[in-house]
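Chain A is the first sequence line, chain B the second, and so forth, proteins listed ahead of strands; every chain is numbered from 1.
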Amino acid sequence: MVSKWNYKSDLWIDWCPGCGNFGIHSALIKALEDLGLNPSKTVIVSGIGCSGKIAHFVNVNGVHTLHGRAIPFAMGIKIANPELEVIVHGGDGDLLGIGAGHFVALGRRNIDITVILHNNNVYGLTKGQASPTLPLGVKTKALYWPNIHERVNPVLLALASGYTFVARGYAMDTNHLRELIKKAIMHKGAAFIDVLQPCVTFNDIYTMEFYKKRIYKLEDDPNFDPIVRKDEETLPKYLKAVEKSLEWGDRIPIGIFYINENVSTFEERLSERSTGYKEIPPAKSIIEEGKPIIDQETFESMFKEFIVNVKKHQINK
Amino acid sequence: MVSKWNYKSDLWIDWCPGCGNFGIHSALIKALEDLGLNPSKTVIVSGIGCSGKIAHFVNVNGVHTLHGRAIPFAMGIKIANPELEVIVHGGDGDLLGIGAGHFVALGRRNIDITVILHNNNVYGLTKGQASPTLPLGVKTKALYWPNIHERVNPVLLALASGYTFVARGYAMDTNHLRELIKKAIMHKGAAFIDVLQPCVTFNDIYTMEFYKKRIYKLEDDPNFDPIVRKDEETLPKYLKAVEKSLEWGDRIPIGIFYINENVSTFEERLSERSTGYKEIPPAKSIIEEGKPIIDQETFESMFKEFIVNVKKHQINK
Amino acid sequence: MSSVKEVGVILGGPQGSGLETSMNVLARALASRGYWLIADREYYSNITGRHSYIHMLVSSDKQPRSLRYPVEVIAAMDAETIFTHFLDISERGVLLYDTYVSSKTLSEVASMEEHVKSRIEKNIQRLGLEPDVKSILKHLSEDKHISAIGIDYSKVLKNLSEKYNINARFLSRYLSGLIVSAVALILGIEDESVKEAFQQYFKEKTIIAEQNFAIYEMLRKQLEEYIGLVKLDPPAPRHSKIMVASGNDVVAMGKIVAGVRYQSYYPITPAADESFLLEKHSDILSKYKQPIGSLIVLQTEDEISAITSAIGASLTGVRSSTSTSGPGFDLMIEGISWAGMNETPVVITYYQRGGPSTGQPTRGAQSDLFNAVFAGHGEFSRIVLSSGDHIEAFYDTIMSFNLAEKFQVPVIHLLDKFLANSLATMDIPSLKDVLVERGYISKGGTGYKRFSLNSLISPRAPLGSEETVMWYTGDEHDEYGHICEDPEIRVKMYSKRIEKDKIILESIPLDYKFTLYGGSDFEYLLLGWGSVKGVALDAVDKLREKGLKVSYLNIKLLWPFPTLEFRDIVKSIPEDRLIAVEHSYGVNIASLIRQTTGININKKISKYTGRPITLSELLISLDKIISKETNRVVFTYGE
Amino acid sequence: MSSVKEVGVILGGPQGSGLETSMNVLARALASRGYWLIADREYYSNITGRHSYIHMLVSSDKQPRSLRYPVEVIAAMDAETIFTHFLDISERGVLLYDTYVSSKTLSEVASMEEHVKSRIEKNIQRLGLEPDVKSILKHLSEDKHISAIGIDYSKVLKNLSEKYNINARFLSRYLSGLIVSAVALILGIEDESVKEAFQQYFKEKTIIAEQNFAIYEMLRKQLEEYIGLVKLDPPAPRHSKIMVASGNDVVAMGKIVAGVRYQSYYPITPAADESFLLEKHSDILSKYKQPIGSLIVLQTEDEISAITSAIGASLTGVRSSTSTSGPGFDLMIEGISWAGMNETPVVITYYQRGGPSTGQPTRGAQSDLFNAVFAGHGEFSRIVLSSGDHIEAFYDTIMSFNLAEKFQVPVIHLLDKFLANSLATMDIPSLKDVLVERGYISKGGTGYKRFSLNSLISPRAPLGSEETVMWYTGDEHDEYGHICEDPEIRVKMYSKRIEKDKIILESIPLDYKFTLYGGSDFEYLLLGWGSVKGVALDAVDKLREKGLKVSYLNIKLLWPFPTLEFRDIVKSIPEDRLIAVEHSYGVNIASLIRQTTGININKKISKYTGRPITLSELLISLDKIISKETNRVVFTYGE
Ligand SMILES: Cc1ncc(C[n+]2csc(CCOP(=O)(O)OP(=O)(O)O)c2C)c(N)n1
Ligand SMILES: Cc1ncc(C[n+]2csc(CCOP(=O)(O)OP(=O)(O)O)c2C)c(N)n1
Ligand code: SF4
Ligand code: SF4
Ligand SMILES: [Mg+2]
Ligand SMILES: [Mg+2]
């Protein structure tokens with residue numbers, strides 16, 4: 001398909017040669033091409049880290065935020081202008097270390113945002129410290145001692161937090177990842193993809209060789225269907241997803257763990273308290289230079305509970 | 001049993017009459033009595049909220065910290081002085097809203113700390129806003145609109161984060177809770193108790209009546225055994241715990257969901273990199289007034305990599 | 001008893017027993033009679049049980065601006081109120097109390113902090129009284145000629161319960177109405193006004209209004225002989241409609257008038273009530289005839305999410321804000337620094353309370369000036385505005401959004417608990433001249449440069465503009481918003497973000513920088529900002545009555561500080577005639593002024609108990625300072 | 001060529017190619033010859049590929065304190081280095097380059113930012129050259145008499161790979177050794193020193209050291225004719241052992257000497273390397289003969305956890321600290337406010353970098369002065385110390401722990417990236433007089449009052465003390481640490497926490513407040529803090545040589561500011577002879593001084609490109625200011 005838009009920005013990409021981020025970048029660009037998303041209506045919101053730089057390398061709107069805070073920035077953007085397609089990119093330190101609280105909160109909200117985790121098990125941009133996804137006892141290149149923290153399991157945490165689309169991809173399988181990204185973007189609700197991303201500079205344990213031997217695709221198992229179609233499927237499919245998420249070691253599954261579109265999105269919930277939300281979301285309000293926004297009459301009727309009529313005969317005898 | 005110590009501080013307790021916190025307070029006092037913990041070697045570390053005030057109402061050391069930060073404060077205390085028994089108390093807003101990131105991180109560390117969640121579904125001390133454990137669509141007293149956030153499931157989140165003791169208690173069943181607290185304190189590793197706590201002032205949904213009808217005890221089911229005794233039991237027992245944690249509605253289980261003491265504690269892990277940790281933890285170091293801590297010789301041998309010997313014949317021809 | 005211009009009232013009782021309701025209803029009743037009033041709410045960081053009180057000043061001829069002790073009327077829900085405030089009743093004043101408590105002793109008051117108790121005990125001893133209510137009542141009536149009027153509260157409530165068949169469990173909810181009724185009768189407010197006040201306050205709950213009014217009717221009989229015992233002069237004429245609202249309320253109204261479309265918050269005292277009012281209007285906005293869009297009010301998981309999501313919303317072109325107090329603001333600082341770096345308009349309503357740390361969460365302070373002005377790493381332009389009273393707070397809220405957008409900077413609107421939680425009467429704000437100023441809004445387009453260096457203020461296109469892509473980053477960046485470490489670009493961009501201060505100072509009109517009250521003929525100049533305005537103006541009036549030429553300079557624009565204009569206004573008097581007043585230890589405005597103008601102010605009046613400065617405190621301290629007795633006065637009055 | 005006192009060197013190449021190794025090895029080789037040096041490391045916020053360089057000054061007679069352009073020797077790993085720095089080579093200097101790049105054109109350099117490229121292009125055009133290496137080389141040798149010495153890097157490496165059978169994939173790792181070797185040869189350093197430097201740096205990896213030295217040997221043959229082409233004078237005598245370390249390193253050493261037992265950190269540039277060195281020593285501490293306890297270094301989940309866990313550790317009586325830069329510090333502010341409220345000693349090592357927000361993460365700045373001094377809600381005492389060089393940083397680190405414990409306050413040790421990442425030679429610090437001062441440590445006991453009001457500094461017992469319970473709270477509290485809202489207690493406690501400032505100022509010796517360099521006979525006084533010290537002292541020396549009586553005041557104690565002593569020291573000259581210098585836009589120390597002393601400094605020298613002020617920049621600006629040409633100079637030199 002020839003796309004109307006060129007999604008690659010013309011900046012030199014300053015990731016290390018061979019970095020898994022290149023795979024994620026290609027998969028994203030291809031997914032954008034396939035979906036033909038309008039660059040001016042698409043926003044990549046990223047955190048701080050090697051991963052966070054991706055916002056500059058794609059020719060759609062880019063908001064490169066603060067370490068750990070891509071999700072709340074994205075939330076503000078999406079809620080204010082639900083017409084925008086919002087995609088969050090962050091590192092494992094970013095989304096699951098300093099940003100873990102926001103990560104959990106997004107699940108509870110089920111905002112229609114896609115979160116893509118660049119999971120390289122290290123803090124790339126600060127030179128290779130252990131990230132929250134590095135398992136206990138593992139000693140990658142830049143560590144002086146083996147890691148003393150147990151890993152957080154991103155897929156499991158996403159499930160526990162309420163994400164309604166949970167998947168895992170592999171940075172080096174760009175075609176597979178491209179499909180996941182497309183599905184995640186099209187998903188109605190909060191979507192999460194844990195992308196296994198080799199860091200060639202600092203991670204000498206979770207290398208391409210490591211993954212090549214272990215990765216298999218969930219979709220290859222004809223008995224595994226992650227999609228909740230009816231309410232009664234929710235529990236068993238959820239439990240199955242949890243079980244699958246615990247698989248790690250000789251065999252590492254990639255693919256979709258869980259999809260549930262029966263949960264209301266945050267946009268739907270907001271419409272209940274703000275009935276005009278869908279037609280006139282915040283970003284579509286008209287706030288015109290040089291004019292008042294509401295008139296005196298409207299103001300007084302809005303706040304009538306604070307207005308007291310003064311009696312003519314003001315004095316008690 | 002008559003305790004050597006009086007664990008109740010003599011302050012007037014300023015919780016609302018009938019508040020579930022009184023139940024937690026009694027259960028805690030009784031657990032302390034039963035265990036006979038030395039008040040000077042016991043520390044209650046609490047967050048900010050109605051719940052957080054508990055630190056003042058118990059006659060053991062109390063550290064009433066910042067909103068959401070009881071866990072990292074407690075971590076510093078426990079790591080520096082592992083001899084202390086450290087118990088964290090926090091509200092649902094405190095531990096699972098603003099503090100969710102620390103909550104997740106503690107699981108990864110498996111520090112030998114007990115975390116007691118005062119789960120009242122509201123922000124008590126700020127006058128009744130929805131807390132992270134309030135389910136979607138529920139409208140408690142002080143809310144103007146029904147809640148738009150899905151609840152976070154504390155038991156599930158604790159399991160997903162790696163806590164090795166996970167339980168739920170009910171504030172009004174103080175004897176049951178007292179036993180849970182004792183077990184949690186005695187557990188080796190990070191222990192978590194989700195305590196269902198009626199807030200009589202702001203929570204008119206999750207009331208005592210509500211709970212009375214629904215609560216049942218996990219230990220009443222002879223087929224349910226939450227303790228991992230052998231490594232191969234880990235996965236099935238963990239999955240069973242997850243399944244049980246999802247039970248909510250007409251029947252609400254309390255009791256122990258999961259115990260696994262096969263995971264190394266943080267203290268054990270620290271001993272590996274700091275071999276003297278157990279004998280001379282930070283708080284036992286001798287740092288004496290008016291003396292240097294290390295001598296010149298030790299210093300120079302410690303940092304020999306930075307010291308260069310200057311050649312006698314300094315000049316190249 | 002002849003009538004008076006002004007009456008001070010204290011309503012006291014345990015937290016959670018409805019004093020806020022009493023305050024609101026009484027205020028409405030008085031307002032509907034045409035009276036002016038101000039009411040401060042003092043309470044512990046506690047939900048139920050600790051001592052709380054409303055301190056009110058009602059006037060027949062003008063808006064009261066400060067509080068004073070003693071007061072003419074105290075209505076006590078419980079014994080603790082009597083012990084705590086018996087010294088605050090003026091001679092020949094009135095104490096309304098529950099006959100049930102007359103047998104109480106001080107030691108029985110469990111909810112009282114030990115320190116307070118021992119302090120009160122000392123006072124009682126000093127007066128040679130016994131530490132019990134009886135002894136105090138005797139002292140009040142005999143030595144102070146105070147009318148101590150006992151009412152059997154439980155009897156009144158029992159009657160009510162019989163009449164309306166109310167479950168005894170719920171009876172305590174009517175205590176607030178009882179207090180309102182008793183005070184209204186003493187003040188001689190007309191029945192109709194009391195009735196309507198109940199009705200307006202309880203809205204749809206008409207039966208509750210009716211029941212409360214029934215209490216009034218019962219008491220009217222009982223207190224027949226005391227009706228109008230403390231009588232206010234007939235009120236001076238005023239508009240036919242007036243507003244009664246708290247600082248939190250007026251800020252929320254201001255935000256709606258300003259067109260806020262995204263407000264995030266994490267609950268915190270004393271900010272949360274503002275968001276609660278906004279939340280109520282999430283739907284109303286969509287309901288009005290004009291297509292004015294929807295207002296999203298979002299409770300976030302923490303303050304970091306509050307500020308960063310508000311910034312996110314702002315990037316889409318939306319007027320957005322958040323609201324917090326000290327602990328929350330601390331957590332927002334990194335986000336504010338991002339907004340500064342990305343020239344993003346956002347409004348942070350910052351209600352100060354007692355610090356440091358959790359401090360005194362429900363008490364007032366002005367001790368966060370430097371945090372608002374200086375916190376954040378790196379240098380960037382920001383605007384810090386303060387408001388001296390409710391009306392200012394309303395217009396300043398609107399101004400904050402205009403300034404944020406015009407100059408593309410974070411605006412910190414610095415208020416405090418005194419204002420937030422106090423209720424005042426005021427004329428309904430006129431929206432006639434409230435205009436939107438959005439600054440340099442652009443439509444974007446191909447090749448759009450968000451950070452164009454052509455001017456200090458670059459064209460701002462919202463995310464989502466047609467045919468436009470743009471980048472934002474917290475890193476130093478080029479005109480497109482891409483990361484850039486080039487030293488030349490660095491200097492240009494960094495300077496641009498700071499040099500905005502100049503045009504901000506040039507554009508903001510003088511009366512948005514500061515206002516001089518009292519006249520330009522001053523021989524002494526009192527100066528301050530925010531919530532000291534009211535008491536300062538009252539003091540200025542009193543001193544001028546005595547012939548002392550004192551004026552008050554109410555500083556609004558705290559940052560960038562209006563150095564030139566400030567120097568100009570104070571140049572007529574020597575430095576040692578300048579006196580600064582603030583609810584803080586340091587009286588930090590003096591330091592800020594010295595830093596930005598070189599002018600030394602070493603006469604300082606300060607209070608940091610968490611309670612507001614009273615008129616008499618200020619008058620005494622001014623006297624001491626003007627008479628050169630001292631350069632610094634610290635006050636502590638008030639429970 | 002005759003020998004010289006001083007040589008400037010630049011080593012340039014792509015980030016990730018081993019320049020830091022080159023710097024370290026070369027520095028050790030030079031140090032072992034007895035030379036003094038300083039080396040600044042400039043790099044992008046990037047792991048691999050962007051341009052990075054080491055800027056060194058080596059001296060035969062004294063510790064260099066600042067950097068200068070041009071330099072005598074540049075060693076270029078790639079074409080980008082040549083394009084970026086060709087104007088920085090002095091006449092008759094040396095350029096070492098890879099013959100492979102001679103055919104490169106500027107447009108081929110993909111890793112160069114567009115803005116940098118177009119700026120360089122303009123320079124090239126201005127000189128009438130072509131934008132390619134060949135043209136530049138020609139210009140250098142013909143017009144500047146520079147020896148452009150080409151080496152075929154890949155050939156050298158291929159020889160090495162053949163000799164040692166090294167996989168071609170790993171060959172690039174030896175580029176750093178090649179650069180060291182070439183420069184060492186040009187400078188004529190003895191073989192033995194180079195060999196030992198490799199050995200010391202690579203430690204157990206002896207084969208790597210051997211292979212690197214093999215490169216040296218190959219090059220020695222190849223560059224025979226150039227050996228000692230730029231020759232340093234024989235070094236002045238110095239101690240037989242010297243230290244070569246970065247600012248991060250010396251701070252880590254200082255912490256160990258001070259007895260730190262808990263260090264928490266969240267990785268951030270330029271602070272993380274300090275924790276890395278401490279981490280290495282987690283075990284070594286336990287290994288030494290004395291029972292000096294264990295050091296826990298903990299990577300936390302964020303900076304909030306870093307500060308709060310450090311405070312928690314401190315409550316148990318442990319010396320604890322954390323280390324961060326601007327964005328992380330912002331997140332720590334609420335925690336610091338808790339420490340202030342609870343009179344808890346804790347040390348925060350704050351390395352400034354370019355702000356605001358993510359800013360220039362790998363560049364230097366001094367733009368966080370106000371954040372360190374003023375951030376945090378509520379008023380409380382804190383100590384802010386800065387260090388002017390490596391040796392100061394070492395002792396100040398130790399001092400920070402002593403002050404924190406003596407006064408029970410948070411201490412912020414304010415450093416910056418320039419110091420953190422630069423390497424310097426120095427005498428090994430003597431620990432003779434390094435004594436622990438713990439302040440008022442108590443054993444607690446029954447009835448213990450953590451916040452006793454008997455003195456400004458209350459007895460501090462660790463959590464876990466026998467027979468002792470105590471309470472801490474962020475709320476205002478009584479002497480036991482229980483929440484207390486009594487106004488009298490409030491005033492006492494609040495004042496106590498601020499009035500410590502007085503005893504802090506009284507107790508800290510003058511030379512820990514500031515130091516005057518150059519003599520007390522000054523007619524002009526340059527003043528600053530932190531990393532401007534080196535260049536300021538060099539400038540003072542130069543100007544004094546010319547007969548101008550300029551001195552430099554190096555301010556260490558930034559808060560509480562030593563007002564009295566400062567006034568005293570500057571009183572001999574008029575205000576307009578005071579000149580402040582800082583790596584910031586605002587030169588904010590001047591504002592702080594005005595605020596705290598009333599003294600006006602309106603002559604300011606500033607640089608905020610993220611690169612350090614060079615000696616010539618400072619000299620030029622002083623000249624302009626002293627000649628009254630201008631009051632403010634802003635510099636931008638350096639890539
Ligand atoms: C508040 C804050 N703390 C720390 C940093 C420093 N920092 C920059 S990137 C990074 C971590 C990067 O790790 P990760 O999120 O896994 O991203 P990666 O580089 O691996 O893609 C950190 C800690 C920062 N920028 N802001
Ligand atoms: C940083 C910060 N934000 C907000 C607050 C205000 N605050 C005090 S208590 C509280 C929440 C209380 O809710 P929860 O944690 O559930 O405790 P509960 O009172 O219900 O026991 C909040 C938000 C604060 N103290 N600090
Ligand atoms: S450090 Fe790792 S994650 Fe970062 S760019 Fe290099 S290879 Fe990629
Ligand atoms: S508000 Fe709720 S949680 Fe707080 S003390 Fe009252 S009943 Fe308990
Ligand atoms: Mg990572
Ligand atoms: Mg709660």
Distance (rounded to the nearest 0.5 Å) between [X] [atom1] and [Y] [atom2]:
{"X": "C:Ile489", "Y": "D:Glu114", "atom1": "CD1", "atom2": "CD", "answer": "11.5 Å"}
{"X": "D:Thr636", "Y": "C:Glu488", "atom1": "OG1", "atom2": "CD", "answer": "6.5 Å"}
{"X": "C:Thr609", "Y": "D:Glu485", "atom1": "OG1", "atom2": "CD", "answer": "11.0 Å"}
{"X": "D:Asn371", "Y": "C:Ile333", "atom1": "CG", "atom2": "CD1", "answer": "6.5 Å"}
{"X": "D:Tyr44", "Y": "C:Cys484", "atom1": "OH", "atom2": "SG", "answer": "7.5 Å"}
{"X": "D:Thr358", "Y": "C:Ile483", "atom1": "OG1", "atom2": "CD1", "answer": "8.5 Å"}

Point to revise | Residue pair C:Ser357 / D:Trp338: nearest heavy atoms and the distance that separates them | key: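 For C:Ser357 versus D:Trp338, the nearest heavy atoms are OG-CD1, 3.2 Å.
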Exercise for review: Could you tell me which non-hydrogen atom of C:Gly586 sits nearest to which non-hydrogen atom of D:Glu379, and how far apart they are?
Suggested key: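 Result for this residue pair: N-OE2, 2.7 Å.
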Review point. Can you tell which of D:Ser495, D:Ala365, D:Gly610, D:Gly638 has the highest number of heavy-atom pairs within less than 4.5 Å of chain C?
Key: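 Between D:Ser495, D:Ala365, D:Gly610, D:Gly638, the count favours D:Ser495.
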Check your understanding: How about D:Arg497 and C:Tyr585: do any of their side-chain heavy atoms sit closer than 4.5 Å?
Key -> no
Review point. For D:Tyr608, is it the side chain, the backbone, both, or neither that has a heavy atom closer than 4.5 Å to a heavy atom of chain C?
Key: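 Interface part for D:Tyr608: both.
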Check your understanding: Who are the salt bridge (Lys or Arg N to Asp or Glu O under 4.0 Å) partners of C:Arg594, not counting sequence neighbours?
Key -> none
Check your understanding: Taking only residues two or more places apart in sequence or in another chain, which ones pass salt bridge (Lys or Arg N to Asp or Glu O under 4.0 Å) with D:Arg490?
Key ->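 Here the qualifying residues are D:Glu476.
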